[in-house]
2 protein chains.
Amino acid sequence: MTGRRQEIRERNRLSLIEAVLDSVAEKGISETSVSEIIQRAELSRGMIHLHFGGKDNLVDEAARHSSEQYYNGIYDLLETTGQTGQEHIEMIVRGDLSEAILNKKTVSIWYAFRGEARNRAAIAAFSDTRDAKLRNLVFNAFARIAKEAGTEHPNQVARDATHGTLAMLEGMWTDYLLHPDSFDRDEAMRIVFRFLRAMFPMHFDLNGALLFE
Amino acid sequence: MTGRRQEIRERNRLSLIEAVLDSVAEKGISETSVSEIIQRAELSRGMIHLHFGGKDNLVDEAARHSSEQYYNGIYDLLETTGQTGQEHIEMIVRGDLSEAILNKKTVSIWYAFRGEARNRAAIAAFSDTRDAKLRNLVFNAFARIAKEAGTEHPNQVARDATHGTLAMLEGMWTDYLLHPDSFDRDEAMRIVFRFLRAMFPMHFDLNGALLFE
DNA sequence: GATTTAAATGGACGATTGTCCATTTTGTTA
DNA sequence: TAACAAAATGGACAATCGTCCATTTAAATC
């Protein structure tokens, strides 16, 4: 019976990461101490040094883990949607504002790390506003839409639409951070789609994507 | 010669607040210790307890001070602009993205406090996304614009335009936080105005407000 | 079952944290 | 200028921080 050792080892490693994320979500980064972490993970003091070489590395790793979860959530959703540009955009907007991806825990963690990003390069790398891959996905969708709509300067428009849409989603997250209980997901989606409808009236209405016959 | 005492007292008090903001901007909240603060303020250890009763109160006060500066900056700008709704909006957009209001120091401070907002009520109160007063200003401007444009459901549209525009500005701040050196203010403004032009083509173009004859 | 060795434990350690107060300094008043 | 009082000082203090290693535990191998 081999491999049991490594299995336990990896489980413990993951426990530490999850303990960090729980603590950051509940108490904030400044109160996420070694004592707090090992208590949540129900492991001994030395484990952090053993597995990660120190607390800072562990926290960096937790930030990486957390951002990976976000992107995986979005990319998984994209697998299940239609083929048109507007459907892709709708899925990203809905996904980004869905309970599964935007909730009290994720938003707490995301903003806690953001606050440290400026002073810790490793964290900055993972807290980027929607990474290059996602940006490209959105851009390609808008580029198709702009061309279909016969817009002038379709690439420029697509770039601006990408930037503006992702910025608006960012702002919605901030709203949720500061007012998690009064935040209205449907309203947030409608607002994004209202701006997109104004820009591409053939492709969006207040509920999302419009499809041709 | 009276009042000199109080003058020195208040100067020291302010020194402590500014020392906190400098430290938060440069080193982050977690490294802003009592030792760090008093060293920057060139005052003695006991002053924090004497003036604020403790470090936490001082930090809260610094957050308040910082948010006050932001709003004062915006409101001052508004005094100098024209009377139409679209001029007000243009001024807010341009102001919010101007070097005076959005720079490396302010964005570091703003996001550092945001990261703590979830766990510290006093800080949450000051890190709100553009406060009620500013929101009302923007809403009133959009309400006028929507009515002039003859839009259906002008109040609903104005509310959504307000929410969406402020969210987009929020997102632009995040962009700046994560990429301060490659961030392009003019591009950010153009993007916001592109969305506004799409929604209110009689009132905005890519450079901002359009005025009637 | 004995041996080996990787993994986990938990306490010792020096450094640093924020608080607080006895003392000193200095502006104000008598 | 002497007396007073407000303000500032700076070190003592217990508590907590993160690191690290001698020891123990337990899986894997013989």
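Labels below follow one simple rule: chain letters A, B, ... track the order of the sequence lines, proteins then strands, and each chain is numbered from 1.
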Do any side-chain nitrogens or oxygens of [X] fall under 4.0 Å of OP1 or OP2 in [N]?
X: B/Ser44; N: D/dG10; value: no
X: B/Asn12; N: D/dA7; value: no
X: B/His51; N: D/dA8; value: yes
X: B/Ser35; N: C/dT17; value: yes
X: A/His49; N: D/dT19; value: no

Rounded to the Å, how far apart are [X] [atom1] and [N] [atom2]?
X: B/Asp56; N: C/dG18; atom1: CG; atom2: P; value: 9 Å
X: A/Met47; N: C/dA7; atom1: CE; atom2: C1'; value: 7 Å
X: A/Phe52; N: D/dT19; atom1: CZ; atom2: C1'; value: 16 Å
X: B/Lys55; N: C/dC20; atom1: NZ; atom2: P; value: 15 Å
X: A/Ile48; N: D/dC20; atom1: CD1; atom2: P; value: 13 Å
X: A/Gln39; N: C/dT9; atom1: CD; atom2: C1'; value: 16 Å
X: A/Glu7; N: C/dA7; atom1: CD; atom2: P; value: 14 Å
X: A/Glu42; N: C/dT9; atom1: CD; atom2: P; value: 11 Å

Exercise for the section: Could you tell me whether the side chain of B/Arg5 has a donor or acceptor atom within less than 3.5 Å of a complementary atom in the base of D/dA7? Expected result: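 Check fails, no donor-acceptor contact within cut-off.
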Problem - Side-chain donor or acceptor of A/Arg185 paired with backbone N/O of A/Leu102 under 3.5 Å - result: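 Answer holds: yes.
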Exercise for the section: Please identify each residue that fulfils salt bridge (Lys or Arg N to Asp or Glu O under 4.0 Å) with A/Asp181, with sequence neighbours left out. Expected result: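 Listed in chain order: A/Lys104.
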Exercise for the section: Would you please name every residue forming a salt bridge (Lys or Arg N to Asp or Glu O under 4.0 Å) with B/Asp96, sequence neighbours left out? Expected result: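 Counting only residues at least two positions away or on another chain, B/Asp96 forms a salt bridge (Lys or Arg N to Asp or Glu O under 4.0 Å) with B/Arg130.
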Practice task
Under 4.0 Å between any heavy atoms, over every strand shown, what does A/Arg45 touch: base, sugar-phosphate, or nothing? Just pick one.
Solution key: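 If one applies the 4.0 Å heavy-atom cut-off, A/Arg45 turns out to touch a base.
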Exercise for the section: Identify whether any heavy atom of B/Leu50 sits under 4.0 Å from a base atom; if not, whether one sits that close to sugar-phosphate; answer base, sugar-phosphate or nothing. Expected result: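 Base: the residue B/Leu50, judged by heavy atoms under 4.0 Å, touches a nucleobase.
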Practice task
Measure from NZ or CZ of B/Arg114 to the centre of the six-membered ring of B/Tyr111, then state whether that distance is under 6.0 Å and the direction lies within 45° of the axis.
Solution key: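 Ring-cation test returns yes.
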Exercise for the section: Answer yes or no: are there more than 12 heavy-atom neighbours, outside B/Glu99 itself, under 6.0 Å from its atom CD? Expected result: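 More than 12 heavy atoms, drawn from other residues, nucleotides or ligands, come within 6.0 Å of this atom.
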Exercise for the section: By nearest nucleotide on DNA chain C, pick out whichever of A/Glu10 and B/Glu36 is the more 5' one. Expected result: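 With A/Glu10 and B/Glu36 compared, the 5'-side residue is A/Glu10.
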